[in-house]
Amino acid sequence: MMTPRKETVKNPRVRIAPSPTGYFHIGTARTALFNWLFAKKYDGKFIVRIEDTDKERSKIEFEKDIIEQMRWLGLTWDEGVEVGGDFGPYRQSECLDLYEKYLHQLIEKKRAYYCFCSAEELEIKKQEMMTRGESPRYDGSCRNLSADVIEEKLKNKIPYVIRIKTPDKKISFNDMIRGKVEFDCSLFGDQVIAKGFREPLYNFAVVVDDHHMRISHVIRGEDHLSNTPKQIVLYEALEWETPEFGHLPLILAPDKSKMSKRFGDVSVAEYRRTGYLAEALFNFIVFLGWHPEEKPGEVIKEILTKEEILESFDMKRVQKGGAIFNVDKLNWINSEHIKKLSINDLIEKSLPFLEESFGKEIFTDQKYLKKVIELHRERVKKLSDLTELIGYFFNLPDYPKELLVWKDSILENTKGNIDFLINLLSDLKNDNFTKNQLEVIVMPEAEKRGRGELLWPLRVALSGMKNSAGPFEIMPILGKKETLSRLKIALEKVQ
RNA sequence: GCUCCCGUAGUGUAGACCGGCCAAUCAUUCUAGCCUUUCGAGCUAGGGACUCGGGUUCGAAUCCCGACGGGAGCACCA
């Protein structure tokens with residue numbers, strides 16, 4: 001899979017150019033991340049440009065989301081929207097004068113031309129070519145219109161678009177990830193580059209912007225691979241130097257189809273709301289199609305901080321094949337990052353989730369909350385899990401009485417054991433309500449009566465759950481009074 | 001239909017450039033055991049892959065060709 005590529009990079013200028021036509025997508029996040037990493041690694045600049053030439057679909061709400069989520073992920077940019085810079089504007093809708101200028105230049109130099117063909121006739125021709133088994137391309141009808149004819153049509157206000165003259169040749173470029181890639185230009189022909197002088201289309205606007213922002217390396221998704229020759233045609237027509245290109249493999253859904261709405265969550269905000277940590281998502285995403293170098297005899301570390309990732313990052317190790325988004329792995333990475341968090345950080349990050357479920361009032365006792373969270377931190381995959389895990393510490397559990405009965409035991413035994421426990425624990429002093437003391441008192445009895453027989457109903461009475469932390473951990477936190485009260489409730493249930 | 005890209009366990013990957021050290025690495029997942037009242041965590045063990053067919057070679061996961069499979073693109077979207 002490895003292809004040798006040249007790599008002597010210094011002070012690169014790279015960019016992420018999202019279009020605000022949807023919420024910040026996990027795929028865009030990855031492209032942003034690799035660009036950011038590349039810039040940091042080689043002491044370059046990372047630029048954020050908003051591609052909002054599609055007036056119909058672009059929304060400010062999406063732009064805000066993109067910026068917010070990038071910040072959340074810990075990405076910082078040197079130039080771009082919100083931070084400014086010397087090569088702006090960084091929003092395509094504000095660069096219209098620039099596009100217009102080059103459009104005129106291209107037409108004057110006869111590298112581009114007016115095309116008066118209607119969309120309908122083009123569609124028919126396209127279908128014909130497809131049925132003939134040819135690659136659909138413009139037939140060049142308007143390519144050599146005389147100046148008189150053009151003037152005439154313009155005067156009569158015949159609608160037009162602007163097309164670039166594509167040379168009949170092969171174009172190849174050296175992709176940073178894929179090595180040499182070659183395309184035959186005759187297959188796509190003269191592309192429309194603008195609908196009008198102030199209505200540039202994507203491929204043209206990108207080229208103008210990248211050139212003006214002095215972008216040295218264009219790192220983007222593989223879906224842009226076949227746009228690259230079209231853009232190179234423009235660089236050549238404009239007599240500009242082409243940047244380096246690098247095409248990242250796509251992120252795929254588990255069925256290997258393109259990551260899309262069909263596969264659950266695709267927006268970064270959604271993962272954030274579900275309780276994934278920014279550093280975990282960062283860690284996970286970077287491992288989609290990339291791995292640090294394995295040193296002989298060394299176990300590869302997969303739980304990495306941003307700094308560690310930066311340390312071992314190398315563009316040469318990016319894979320070519322699409323990477324499947326594996327939620328299991330994300331969950332594991334997230335739980336590992338949660339374990340690394342300090343208890344105070346964990347509380348701070350969990351609180352919004354807890355408050356949403358239980359309300360704010362419940363969390364006035366910080367010490368109590370701290371103990372509860374400490375007890376569960378190793379069981380948490382996502383912060384949102386915490387809500388279910390610790391509910392019984394804040395609300396009285398509700399459960400069917402059958403749950404109190406251990407395996408094949410009977411209600412009578414359960415009743416007797418709960419009654420026994422109430423008496424046993426009532427005699428204990430408040431001070432002795434610690435994990436150790438409780439074990440000393442209760443365990444010998446559990447051995448006599450059967451561990452499950454005694455401990456299972458104890459735990460269920462306290463937590464109301466089939467799976468929960470152990471009774472000796474729960475009791476000290478709940479305290480003697482609450483413990484006894486819950487046991488009495490259990491007793492009533494089985495009466 | 002045409003073009004381009006890709007093809008190592010369920011998943012992410014190492015190995016490939018420079019063929020032998022590969023009866024193939026690491027992680028995750030899965031299974032079992034230990035621990036344990038349950039679950040989780042932890043520990044231990046195990047399962048699981050070079051897409052196929054030719055060629056080159058003493059020797060191929062690795063080089064070459066072909067097939068097959070998957071993906072992306074082919075707009076007056078970005």
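In what follows, every chain begins at residue 1, and chains take the letters A, B, ... in the order their sequences are listed.
The partner of B/C52 is B/G66, by the rule that a Watson-Crick or G-U pair needs both atom distances under 3.5 Å. Using Watson-Crick or G-U wobble geometry with both donor-acceptor distances under 3.5 Å, B/A61 finds no partner in any strand shown. Using N1 to N3 plus N6-O4 or O6-N4 for Watson-Crick, or N1-O2 and O6-N3 for G-U wobble, each under 3.5 Å, B/C74 pairs with B/G1. Nucleotide B/C26 is matched to B/G12 when pairs are restricted to Watson-Crick or G-U wobble geometry with both distances under 3.5 angstrom. Base pairing annotation: B/U44 forms a Watson-Crick or G-U wobble pair with B/A32, both donor-acceptor distances under 3.5 Å.
OP1 or OP2 of B/A41 sits under 4.0 Å from a side-chain N or O of A/K381. Within the structure, a side-chain polar atom (N or O) of A/K339 is placed less than 4.0 Å from OP1 or OP2 of B/G42.
Annotation: salt bridge (charged side-chain N to carboxylate O under 4.0 Å, His left out) contacts involving residues 218-232 of chain A, sequence neighbours excluded, comprise A/R178-A/E222.
A/D314 has its side chain out of reach of A/E293: every pair of non-hydrogen atoms, C-beta onward, lies at least 4.5 Å apart.
Listed candidates were B/U38, B/G12, B/C5. Nearest to the side chain of A/A323 is B/G12. Nearest nucleotide to the A/E302 side chain, out of B/G12, B/A72, B/U11: B/G12. When the nucleotides B/U38, B/U29, B/U13 are ranked by their closest atom to the side chain of A/W332, B/U29 comes out on top. Distances from the side chain of A/I324 to the nucleotides B/U38, B/U11, B/C5 place B/U11 closest.
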Check the pair A/F282, A/H337 against ring-ring contact (aromatic ring centres under 6.0 Å, His included), reporting the backbone distance first and the verdict last.
CA-CA 11 Å; A/F282 190 109; A/H337 277 275; 9.6 Å; no
Salt bridge (Lys or Arg N to Asp or Glu O under 4.0 Å) between A/E336 and A/K339: does it pass, once the steps are laid out?
CA-CA 5 Å; A/E336 292 298 314; A/K339 284 179 205 167; 3.3 Å; yes
side-chain hydrogen bond (donor to acceptor under 3.5 Å, both in side chains) between A/S186 and A/D184, intermediate numbers included:
CA-CA 6 Å; A/S186 65; A/D184 187 346; 2.9 Å; yes
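For B/G40 and B/U31, the P atoms lie 10 Å apart once the distance is rounded to whole Å. Spacing between B/U44 and B/U28 at atom P, rounded to whole Å, works out to 12 Å. Here the separation of B/A45 from B/U62, taken at their P atoms, is 32 Å to the nearest Å. Only the P atoms considered, B/U11 is 25 Å distant from B/C17, to the nearest whole Å. Taking atom C1' in both B/G69 and B/U8, one finds a spacing of 15 Å when rounded to whole Å. Nucleotides B/G54 and B/A60 are separated by 13 Å at their P atoms, to the nearest Å. Distance noted for atom P between B/C65 and B/C4: 14 Å (whole Å). Rounded to whole Å, the P atom of B/A75 lies 44 Å from the corresponding atom of B/U56.
A tilted orientation is assigned to the rings of A/Y276 and A/Y271, their planes being inclined by 30° to 60°. Using cut-offs of 30° and 60° on the angle between ring planes, the pair A/F287 and A/H291 is perpendicular. Aromatic ring orientation, A/F183 versus A/F173: parallel (interplanar angle below 30°, classes split at 30° and 60°). Using bins of under 30°, 30° to 60° and over 60° for the plane-to-plane angle, the ring pair A/F197/A/H104 lands in the parallel bin.
The stretch residues 412-422 of chain A has no heavy atom under 4.0 Å from RNA chain B, so no residue of it qualifies as close.
Nearest-nucleotide positions on RNA chain B for A/W290 and A/P471 put A/W290 closer to the 5' end. Sequence order on RNA chain B of the closest nucleotides to A/G452 and A/G322 puts A/G322 first from the 5' end.
In this structure, A/Y102 has its ring center no closer than 6.0 Å to that of A/H211. If you look at A/Y202 and A/H224, their ring centroids are closer than 6.0 Å.
Side-chain atoms of A/K301 and base atoms of B/A27 include no donor and acceptor less than 3.5 Å apart.
Here A/K256 lies in heavy-atom contact (under 4.0 Å) with sugar-phosphate atoms only. Using a 4.0 Å heavy-atom cutoff across all strands shown, A/E182 reaches sugar-phosphate atoms only and no base atom. Contact annotation for A/G470: base contact, defined as any heavy-atom pair under 4.0 Å involving a base atom.
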How would you summarise protein contacts on nucleotides 73-78 of chain B per nucleotide, using B for base, S for sugar-phosphate only and - for none, with heavy-atom distances below 4.0 Å?
SSSBBB
